[in-house]
Number of protein chains: 2
Amino acid sequence: MSELRDTLFRYLTLLQLIPRYPGRIATPVLKEKLAERGFRIDTRSLQRDLRDRLSVHFPLICDDSSRPYRWYFDRDFHCNLPALDVPSALTLVLAEEYLKGLLPPVVIDQLAPQFRDARGLLDDLAQNGLSRWARKVRAIPNGKALLPAPLSEATWQTVSEALLAQEAIRVTYLSRSAEKHRRYTLHPQGLVSRHSVTYLLATVNDYNDIRQFAMHRIVDVEGSDAPWRETVGFDLDDYIARGAFGYLQSREPVHLVANISPQTAWLLSETPLSRRQTLTALPDSDWQRLEADIPDDQQTLWWLMGMGANVDVQAPASWRREIYAAASTIVARGQAPDG
Amino acid sequence: MSELRDTLFRYLTLLQLIPRYPGRIATPVLKEKLAERGFRIDTRSLQRDLRDRLSVHFPLICDDSSRPYRWYFDRDFHCNLPALDVPSALTLVLAEEYLKGLLPPVVIDQLAPQFRDARGLLDDLAQNGLSRWARKVRAIPNGKALLPAPLSEATWQTVSEALLAQEAIRVTYLSRSAEKHRRYTLHPQGLVSRHSVTYLLATVNDYNDIRQFAMHRIVDVEGSDAPWRETVGFDLDDYIARGAFGYLQSREPVHLVANISPQTAWLLSETPLSRRQTLTALPDSDWQRLEADIPDDQQTLWWLMGMGANVDVQAPASWRREIYAAASTIVARGQAPDG
DNA sequence: ATAAAATGCGACAATTAGTGTCGCATTATG
DNA sequence: CATAATGCGACACTAATTGTCGCATTTTAT
């Protein structure tokens, strides 16, 4: 590390070492971390930097209730370098709208200051010409938005840190079948966010098989003293592909052939199902013939079913059979409700 | 504005005024902007700040090909204050995976430095304990991922800036029906990202009706001298609700009653359809009775159809009829393919 | 084409800001 | 209760920052 005797850069480093609110860092620790990075300065200087300089210009808060004072940023503060430009701010706003339906609220909250920053920038624009951007942009999510399962901030933080730090955790879990709490020691191996539910993949206690734990059913979590045990040979993509999440997916893509209605053809010409997709006009109708190589997964089948009568699947035969069977069942139920 | 004679803060302000690569800012402009913010300094000082100080420690690049020199940040540079913590970094990684299927690549690129930052942080963790985080987190998107329509960076930037600045633009547009280029003057009124296609809502030339323009079919765009014309009384939510994007949606939510299979019940207990949803056991079967107030939109209907035989809609009657009709059509086509 | 204005930059001196040290008060720690 | 840490005001010393001037070069306007 270069011999940096540069004050500005030291300030910047200092600001990067101080965490946002739930976190805090003590002055001596800061001094040490600065030293690690090549800034060997007196404690007195550090104190001056924090109290007289940085906290004047930044929302830095000092917890002086006990003696090594601890510093942290205001919960809401966020600053980008370089500053956000208008297109990026707009992107963030759209991203937020989409993500709201995909990730649990606490997870989104992690990025809240960024999103607030973006909205703030657009608001400032509005001051000049009352552009009221909020009325001008919308994201319409793909598919039915199910409500993300709520989840506590502490759970997310502890679990995600343990996963990456390769540490075992002790959890109280509300198991699905039995409606009662169980305590386990988990060895986290992976994390999967599916739709809006987040699952932790881990081995339990002394067992070696991977099990799924829905994060929102973790009632309580804390670090464990037990040494973390790696599951050798575990491959997350493999695990998912083998159908662990209802996404039974063969490695082989299938060749889809279907007749589709004009509206559907229009949709697919805009957003193709796959990179290689062909649409050709059918004789004697305004329908089109669709051919594409697509993954053989449940998602695709759901999508095809959702299109109802707009799609007439010709191949693969298994899909046609499945769709036909579902339709037959529905027809058998009759046109009027049961009662 | 306070009389800031503070060098550190001036440096930071300076850094915030300098845009990332595609952008650039000339020295005299910087001087002016600094003056606006209360930093009245000599041009010479500014030159020194940039060349001798900031560009030593930051990836600042100077375009000295023409005489008011222009400064900009390296395309890849990004710095968060306060620095990212592990849970936030993980959130960003998940967010990126989801957004890849929802927004055009160029739009995601706007946030690329942030995502890179997050991945970098996690990579650094890995150095210590080879945690190989990349193998540990996955996001499985909800619904069939259609491929986002590609779109040029310049288009996104120009259009989004014009929308918010309330300025007219001149576009060359590849209209859908006629396969030829047309030139229009557009007065942007709104932006809608739907699935993975982004639409600009604007009035054309001297007309007053709103039309939709798919951003990826805008071949070329530039600012226009024509004064921007506001469409009075235009309400984006209203426009969408009236079915402009195939999402015919009455303001009134409907009361859904349906019998659902055990698997579906399980899914809905995790991620409810709406905040007020009840699931009750049905007599003489393991199926359950679902009741929920949900929006009356196409998305929901698609979702219900996608569930196929797993859902037996009882009410509203219109949905039951629609699902029945679609199923009848499919059954009428027979079990074997046409050709 | 040519003059006038703008911009960049090296040098220098005046000023300002940053730094370590010391002493004392206050607060944890064992 | 003693000892070690920590915070902070004061002060002197050192280093950095700043405006000014002069000159070279480029841009712009005439």
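Note: hydrogens, waters and symmetry copies are ignored here, and every other heavy atom, side chains too, is used. So you know, we letter chains A, B, ... as the sequences are listed, proteins then strands, and number each from 1.
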Engineer: Is any N or O donor-acceptor pair between the side chain of A:R48 and the base of C:dG20 shorter than 3.5 Å?
Structural biologist: yes
Engineer: Between B:Q47 and B:L8, which has a closest nucleotide on DNA chain C that is more 5'?
Structural biologist: B:Q47
Engineer: What's the closest nucleotide to the B:R44 side chain, out of C:dA11, C:dG18, D:dC8?
Structural biologist: C:dA11
Engineer: Figure out the CG/C1' separation between B:L46 and D:dT18, and round it to whole Å.
Structural biologist: 13 Å
Engineer: How long is the line joining CG of A:L30 and P of D:dT6, in whole Å?
Structural biologist: 12 Å
Engineer: Let me know the distance between CZ of B:R70 and C1' of C:dT7, rounded to the nearest Å.
Structural biologist: 12 Å
Engineer: What nucleic acid atoms does B:D52 come within less than 4.0 Å of, heavy atoms only: base, sugar-phosphate, or nothing?
Structural biologist: nothing
Engineer: If we ignore hydrogens and angles and just use 3.5 Å, is the side chain of A:R20 paired with the main-chain N or O of A:F77 as donor and acceptor?
Structural biologist: yes
Engineer: Under 4.0 Å between a side-chain N or O of A:R51 and OP1 or OP2 of D:dG9?
Structural biologist: yes
Engineer: Ignoring the backbone of A:P28, work out which of C:dG8, D:dT18, D:dT6 is nearest its side chain.
Structural biologist: D:dT6
Engineer: Is there side-chain contact between A:D49 and A:I41, with heavy atoms separated by less than 4.5 Å?
Structural biologist: yes
Engineer: In whole Å, what is the span from the CG atom of B:D63 to the P atom of D:dT26?
Structural biologist: 15 Å
Engineer: Testing the basics here: between B:A26 and B:P68, what is the closest heavy-atom pair and its distance to 0.1 Å?
Structural biologist: CB-CB, 4.2 Å
Engineer: Could you state the atom-to-atom distance from CZ of B:R40 to P of D:dT18 in whole Å?
Structural biologist: 15 Å
Engineer: For the residue pair B:Q16 and B:K33, confirm or rule out a side-chain donor-acceptor distance under 3.5 Å.
Structural biologist: no
Engineer: OP1, OP2 of C:dG18 versus side-chain N and O of A:S45: anything below 4.0 Å?
Structural biologist: no
Engineer: B:Y69 side chain: which of C:dT21, D:dT6, C:dG8 is closest?
Structural biologist: C:dG8
Engineer: Take the protein atom CD1 of A:I41 and the nucleotide atom C1' of C:dG18, then report the distance between them rounded to whole Å.
Structural biologist: 11 Å
Engineer: Closer than 4.0 Å, any side-chain N/O of A:R10 to the OP1 or OP2 of C:dT19?
Structural biologist: yes
Engineer: Please report the distance, rounded to the nearest Å, between CG in A:L54 and P in C:dG18.
Structural biologist: 11 Å
Engineer: Within the structure shown, what part of the strands sits under 4.0 Å from B:S66 by heavy-atom distance: base, sugar-phosphate, or nothing?
Structural biologist: sugar-phosphate
Engineer: How would you label the contact of B:T27 with the nucleic acid (heavy atoms, under 4.0 Å): base, sugar-phosphate, or nothing?
Structural biologist: sugar-phosphate
Engineer: Relative to B:Y184, does B:R211 satisfy both conditions: NZ or CZ under 6.0 angstrom from the six-membered ring centre, and within 45 degrees of the ring's axis?
Structural biologist: yes
Engineer: Can you figure out which of C:dA17, D:dG19, C:dT19 approaches the side chain of A:R53 most closely?
Structural biologist: C:dA17
Engineer: In whole angstroms, how far is the C1' atom of D:dG19 from the CG atom of B:D42?
Structural biologist: 6 Å
